[in-house]
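Treat the numbers as computed from the prediction; the structure is a model and nothing was measured. The sequence lines fix the lettering, A, B, ..., with proteins before strands; numbering per chain opens at 1.
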Amino acid sequence: MCGRFTLRATLADVADYFRIDHLPDWDWPARFNLAPTQAVLAVRLTGDGRREMVRLRWGLIPSWAKDLNIGSRLINARAETAHEKPSFRTAFARRRCLVAADGYYEWKKTEAGKQPYLFEMSDRSLFAIAGLWERWLGDEGDAIESVTLLTVPASPDTEAVHHRMPAILPREQFGTWLGESPTADSRCRALLRPPSEGTLRMRPVSSFVNRPMHEGPQCVAPPR
DNA sequence: CCAGACGTTGTT
DNA sequence: GTCTGG
DNA sequence: CCAGACGTTGTT
DNA sequence: GTCTGG
């Protein structure tokens, strides 16, 4: 599962990682505690097939939703079934994206309370979480673009804390996932699998991160 | 035909 | 929007 | 995901 | 307990 993550890297680093030539006109402050309903940084294809960086509201709001509130429960989609679920299948076929991250959190219940863990790539690099996006039109003609993060079974590195994890895609698969050439659903589905042992490392962090309002380096500090 | 659901997680 | 249940 | 709220009336 | 907000 993935209900909180980090993107501490700069926009320039993200653009470089995703091979995007021009930077957007907005900025991206380092984020240590990205939570549902907030804007995350995603990469998708423009109408003419170029990669662009966009900010999407985390929590997918289906186009038929009556209010945007529905989105706060659709923050994840199971990779095994998203292609057939009414809320996700259209987006699976036509609106796949990559969400930029450099860490994610999971919680483990203990006698003392909820202990958060930070998961990162073993080399501390950026990574891409497979996502699906939608455009929703409100009553006043306001458009909101939202996103859900796909999940897969836990990898050997992560299963001790939680049995699910975000679907992380290797760089070689970005073009296929984004649809830079026509790709069957089944081929996209096959890309969604847990990373091999040794890809990720984890460490417990301070419960400071538990509060969604908290932000900054204290979120990734060791427990006190 | 119309009405109502449409999702994940974790816990039991 | 699209499918399922009644 | 976790934390925090969970309500109405009338008046300003 | 359950829903909302971040």
Side-chain angles (χ1 to χ4, degrees), chain A residues 1-7 29-41 55-95 99 101-120 129-139 143-154 158-168 185 192 194 200 202-216 218-221 223:
Chain A
M1 174 31 173
C2 182
R4 219 76 77 72
F5 67 96
T6 70
L7 182 56
R31 293 302 312 277
F32 290 79
N33 197 7
L34 275 165
T37 73
Q38 297 179 350
V40 302
L41 203 170
R55 289 173 295 185
L56 303 174
R57 180 188 167 107
W58 184 11
L60 190 119
I61 308 163
S63 58
W64 41 261
K66 288 179 189 69
D67 63 284
L68 49 76
N69 202 328
I70 290 164
S72 41
R73 289 196 296 287
L74 304 182
I75 65 170
N76 294 123
R78 294 174 66 86
E80 299 91 327
T81 57
H83 65 99
E84 58 187 15
K85 295 287 185 185
S87 295
F88 302 133
R89 60 192 167 194
T90 317
F92 196 99
R94 298 205 288 271
R95 286 182 297 278
V99 175
D102 47 25
Y104 73 92
Y105 300 101
E106 297 284 6
W107 280 261
K108 197 173 184 177
K109 275 191 181 159
T110 69
E111 295 160 351
K114 294 172 184 174
Q115 173 61 55
Y117 290 80
L118 174 68
F119 294 81
E120 296 174 293
I129 302 172
L132 308 174
W133 68 274
E134 277 288 355
R135 181 173 290 128
W136 178 83
L137 298 173
D139 288 331
I144 297 179
E145 292 184 332
S146 60
V147 66
T148 190
L149 304 184
L150 290 158
T151 66
V152 294
T158 69
E159 63 189 6
V161 175
H162 199 74
H163 67 106
R164 303 287 296 178
M165 66 181 294
I168 297 173
D185 275 17
L192 304 172
L200 292 163
M202 69 173 200
R203 62 185 172 87
V205 293
S206 164
S207 58
F208 182 82
V209 75
N210 289 17
R211 288 176 186 263
M213 295 294 283
H214 283 168
E215 183 49 79
Q218 256 186 285
C219 293
V220 299

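In this structure the side chain of Val209(A) reaches within 4.5 angstrom of the side chain of Trp107(A), judged on heavy atoms. Contact of the Met165(A) side chain with the Tyr104(A) side chain is registered, since non-hydrogen atoms from C-beta on lie closer than 4.5 Å.
Thr81(A) comes within contact range of the sugar-phosphate backbone alone, with a heavy-atom separation under 4.0 Å but no base atom that close.
In this structure, the side chain of Arg4(A) does not engage the main chain of Asn33(A) through any donor-acceptor pair within 3.5 Å.
The two residues Leu34(A) and Val40(A) come nearest to each other via the heavy atoms CD2-CG1, 4.4 Å.
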Under-3.5 Å N/O pairs linking protein and nucleotides 1-6 of chain B:
| residue | atom | partner | partner atom | Å |
| --- | --- | --- | --- | --- |
| dC6(B) | O3' | Ser87(A) | OG | 3.2 |

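Atom P of nucleotide dT9(B) and atom NZ of Lys114(A) are separated by 17 Å, given to the nearest angstrom.
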For residues 59-72 of chain A, run the donor-acceptor check on the side chains, cut-off 3.5 Å, and write out each pair with its distance to 0.1 Å, sequence neighbours left out.
| residue | atom | partner | partner atom | Å |
| --- | --- | --- | --- | --- |
| Asp67(A) | OD2 | Asn69(A) | N | 3.1 |
| Ser72(A) | OG | Asn69(A) | O | 2.7 |

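In the region residues 70-78 of chain A, proximity to DNA chain E at under 4.0 angstrom, judged on heavy atoms, holds for Arg73(A).
Secondary-structure stems of DNA chain D, taken as three or more successive Watson-Crick or G-U wobble pairs (i with j, i+1 with j-1) under a 3.5 Å distance threshold, comprise D:1-6 with E:1-6.
Qualifying salt bridge (charged side-chain N to carboxylate O under 4.0 Å, His left out) partners for Arg89(A), counting only residues two or more places apart in sequence or in other chains: none.
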Checklist entry - Run the side chain to side chain contact (heavy atoms under 4.5 Å, CB included) check on Arg203(A) and Leu118(A) step by step: do they pass? => result CA-CA 6 Å; Arg203(A) 62 185 172 87; Leu118(A) 174 68; 3.7 Å; yes

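Taking the 5' to 3' direction, DNA chain E first and last meets chain A under 4.0 angstrom from a heavy atom at dT4(E) to dG6(E).
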